[in-house]
Structures are given as structure tokens and as C-alpha cells.
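Side-chain atoms are counted along with the backbone in the values below, which use heavy atoms only and exclude waters and symmetry mates. Within every chain, numbering begins at 1; the chains are lettered A, B, ... in the order of the sequence lines, protein sequences first and strands thereafter.
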Amino acid sequence: MSPHIEDNQEIRQYLLGGLSQEVLRQVEERLMTEDSFYEELLLVEEELIDDYVGGQLSLDERQRFEQHFLCIPERHSQLRFAQALSRYVSNSSEKSETESAEAEGESAGAQPLAPTPEPSRPVWFRAFWGSRAWALRAAVALAVVVVMAGALWLSRTRTSPHQTFATLTLTASVGNRAEGPQAGKVKLPPDADALRIFLMLPEATAPAARYRAELVSGSGETKSFEVAVQDSRSVSVVIPSAQLARGQYVLRLFKTEADGAEQRVASYFFNVE
Amino acid sequence: MNQENGVTQAAFDYLLAWLDADRERAGEKYEHIRRRLIRIFTCRGRPDAEELADETINRVTLKATEVSKEYVGDPALYFYGVAQKVFLESVRKPHTPGAPPPSPDKSDEDEREYDCLDRCMEQISPGSRELVLGYYREDKRAKIEHRKEMALKLGIALNALRIRAHRIRSVLQQCVQDCIGQAQAS
């Protein structure tokens, strides 16, 4: 590995608070005495923020970024700038792609249309449709359209891919709310379709093939949600924003063992503000 | 020179002389050391990084006359040693925790930031604008390949392109901060 890449990775871990005391001291001594190393830190800082904005940090890195890197107000302004820059560049790319497409369309010019060949139909098609009355044909066609529209509508309401997510990472609580880590808080943006919650599994939790999550609201209402396994230390749940009114919630995580028995894993508290 | 903390002009002059015989170069080294101390305290999670850096410098200044006679090596490392002590003392004192990270929703602040960025983009040269738009354009794997192509086209090494983009970005960031400051003042 080249020295440059090694420095880059070491600095990244330094920024995320992931170095031992000894290595931290060595890094800081280099920062004090080597101009190029200090410049590299400034570059890696920007790249780390860009990776966070672009959703390219691992779950562990994202947690450490939010808990360690972002605890300084100065870095909030760096983050806001990075978000604005990302949005600006994205809008600028879309605009230039649209303009290129329009320019290509104009320069293509008029071309003589080749005669469209008659589509050849199978014999059974001609035999079926040719021999039936017009009204019957129309009724069958309408029935097919209605069935297809219904199927499309059903699939959209069940599995409509959510376009915009808010995210929240939660650590398991021990006992009741008062004993464990502070409840997570989230303020849902107006354009967020859903909240994706990453649940950190308690240490020494044996992995399971299947999980289930139960969302309990402050009013006692309970709903079940599918759980996606992220990695050996976390799972995630997606909850539509429409089902998250302001208030306190607890997510109970269950796992299904090989013998089919269900076991509670942990509870996670959070507030929607 | 602030005499409230016991640092006199004479002590400060002695410090600069220790850093470098040439006063102008000494001043540059002083600034380098101060910026790095601030960065280290920031990276250690201290919101009062500037105050801690100044405290470190004050303590070194007060001791410069005796330390400089026997100290061998880069004075920056002596500053670092004192900074370690200042840091340990500071974590024992209660301090106001940092503010939570900004929420992801598009608030008025975000819109103002975006508008300012739009204006600042118009103020930089077309070449710089094109470089920034190109450099930050793609995602993931495509980004790396795209940047290699950019560097090749410009006839510079990839790291040189990286540094160029960083410098333009710093200019833009300062411009945006100034713009936001003016908007808030008016």
C-alpha cells in the first residue's frame, strides 16, 4: 500500500475517533510538524463529509461520524456547505443532460420514415378475434384492462418503493427507558416518504435468519414491520412516515430461531418530534 | 499583547525569536502552530478549540525564556506536549456539549446556503466552475474513473487535481459564509 493511501486511512480513522492513544499521538505529532500531512488532513476531512452526504459510509462509520466528528459546531457549517454543493452539482448535471438531449433532438433533423410493416398475427389470434362479435371482443378487452389496472394498483400500494428516507440509528435499551441509553430523536422532513431505522444488535447476540419488529406507539397501538438484515451487528426497519405521528415509540425486535421459536432480542426507544 | 494572562510583549518577542530568527518567518510558524493546535483540539471533540489553543500558546510563551535554552528539536512538539496537558485539564472541567447535527430537512438556512452558493459560483472563473462541477459530479466508482479522466485531460496528477478542487472549494465556502453573514446582517 502506498504511503499516501496509508496516511489517508489513518487520518480517516483519526477523524472518526478510531485510533488507539499511541497511534493518535503519532498522528498528532505529524500534524504539528509535517505540512503535507496537515494538508492531507484537510482534504480527507472534506472527503469524509462528502462520503457522509453521499450515503457512502458504513453503518459503523456513520455512527462515529455523527457522534464524534459532528459534535463540533464548525463542522455543521462544513456539512451544510457539502450538502448545498452536492445539490448544486446534481441540479447542474440534470440541467446539462436535459440541454444535451434537446440539442441532440434538434440536430437529428427529419428523416424519411420507413413504411411500417403490418404486424403478422398468429393464426389463433385471427381465428379467435375474427369469429367473434364486436361487443364480445370489446367486453373481453375491457375485462383484461381492468384486471391489469387492479393488479398494478395493488402492487403499488403494497410495495411502492419509497423515494426519500429519513434515517435514525438506535442502540438497544436495557430494562426500561430510564436505565438504558437516551432515546433516539428524529424530526421527519416534509418530503420523507419513510423512516429507515438501523437497530444495533446487542453485543454477543447470536445472528438469526429472520427478525420481526413491533412498533408500539405512546397510545399502545402495535404494528409489525419487516426487518432487513444489514450486517452481523445491525438490522433495519422501514416505517412509512404516514404511520409516525409525533410522539414516543418503542421498537421491539424479535428473532426466530432455527426451531421456529421466537425470542425477544431488544427494545429500542425513540421520539418523533 | 494581552497582559491579563501574564504574557508580556517581551515574552512574546522571545517566543517568536525561539521559533525563528527572522521575525516574519517566526510569525508564519506561530500561525502554523496555532492552526494545528486548533485542529487537534477540534479533532478531539472540543468545541472550545480556539481557547484551548490560545491557552497552550500562553503557557509556552511564559516558559519560552527558560525552555528555549535547553530544548532540542522542533518547538512545535513542545507546544504539542503542553497541549496534551491543557486538554487533560479541560476534560476534567464541565463544558457545554456541542450542538446536535443539523436536521436533514430543507430549512430556510439550507435554501439561503444554496442561493449563496449559486451566486458564489458565478463569481469564480469558468475554468474553476467547470472543474468543481466535474470533480464532484459522479458517485462511487464512476467518480474515481471520472476524476482520473479529468486529471488526464488537464495534464496533471490525480492528487494535484484533488488539491486544486479543494482550494476552489475553500474559496467557495468562504464566499458562501460571507454571503450568509451579509444576509443575516441586513
Pair [X] + [Y], salt bridge at N-O below 4.0 Å:
X: E47(A); Y: R162(B); result: yes
X: D50(A); Y: R169(B); result: yes
X: R39(B); Y: E45(A); result: yes
X: D118(B); Y: R87(A); result: no

Counting heavy-atom pairs under 4.5 Å with chain A, the top scorer among E109(B), R36(B), M121(B) is R36(B)

E28(A) side chain to Y80(B) side chain, donor-acceptor N/O pair below 3.5 angstrom:
yes

Does any backbone or side-chain atom of [X] lie under 4.5 Å from a heavy atom of chain B? Answer side chain, backbone, both or neither.
X: R75(A); answer: side chain
X: L15(A); answer: side chain
X: T167(A); answer: neither
X: L85(A); answer: both
X: A192(A); answer: neither
X: Q78(A); answer: both

Indicate the atoms forming the closest heavy-atom contact of S77(A) with E113(B), along with that distance.
O-OE2, 4.3 Å

At what distance, to the nearest 0.5 angstrom, does [atom1] of [X] lie from [atom2] of [Y]?
X: L42(A); Y: R167(B); atom1: CG; atom2: CZ; value: 10.5 Å
X: T33(A); Y: H32(B); atom1: OG1; atom2: NE2; value: 13.0 Å
X: N159(B); Y: E39(A); atom1: CG; atom2: CD; value: 11.0 Å
X: E74(A); Y: I38(B); atom1: CD; atom2: CD1; value: 9.0 Å
X: Y136(B); Y: E46(A); atom1: OH; atom2: CD; value: 5.0 Å

Residues in residues 170-177 of chain B that sit under 4.5 Å from chain A, counting heavy atoms only
S170(B), L172(B), Q173(B), V176(B), Q177(B)

Crowded around [X] [atom1]? As in, over 12 foreign heavy atoms under 6.0 Å?
X: E31(B); atom1: CD; result: yes
X: E34(A); atom1: CD; result: yes
X: Q26(A); atom1: CD; result: yes

Taking the side chain as C-beta and beyond, is there a heavy-atom pair between [X] and [Y] under 4.5 Å?
X: D74(B); Y: M32(A); result: no
X: L133(B); Y: Y88(A); result: yes
X: Q84(B); Y: R25(A); result: yes
X: F69(A); Y: T42(B); result: no
X: P47(B); Y: C71(A); result: no

Side chain to side chain contact (heavy atoms under 4.5 Å, CB included) evaluation trace for Y135(B) with V89(A)
CA-CA 9 Å; Y135(B) 189 81; V89(A) 170; over 6 Å; no

Would you find a donor on one side and an acceptor on the other, under 3.5 Å apart, between the side chain of H68(A) and the backbone of C43(B)?
yes

Taking it one step at a time, do N91(A) and Y114(B) satisfy side chain to side chain contact (heavy atoms under 4.5 Å, CB included)?
CA-CA 11 Å; N91(A) 290 347; Y114(B) 187 90; 2.7 Å; yes

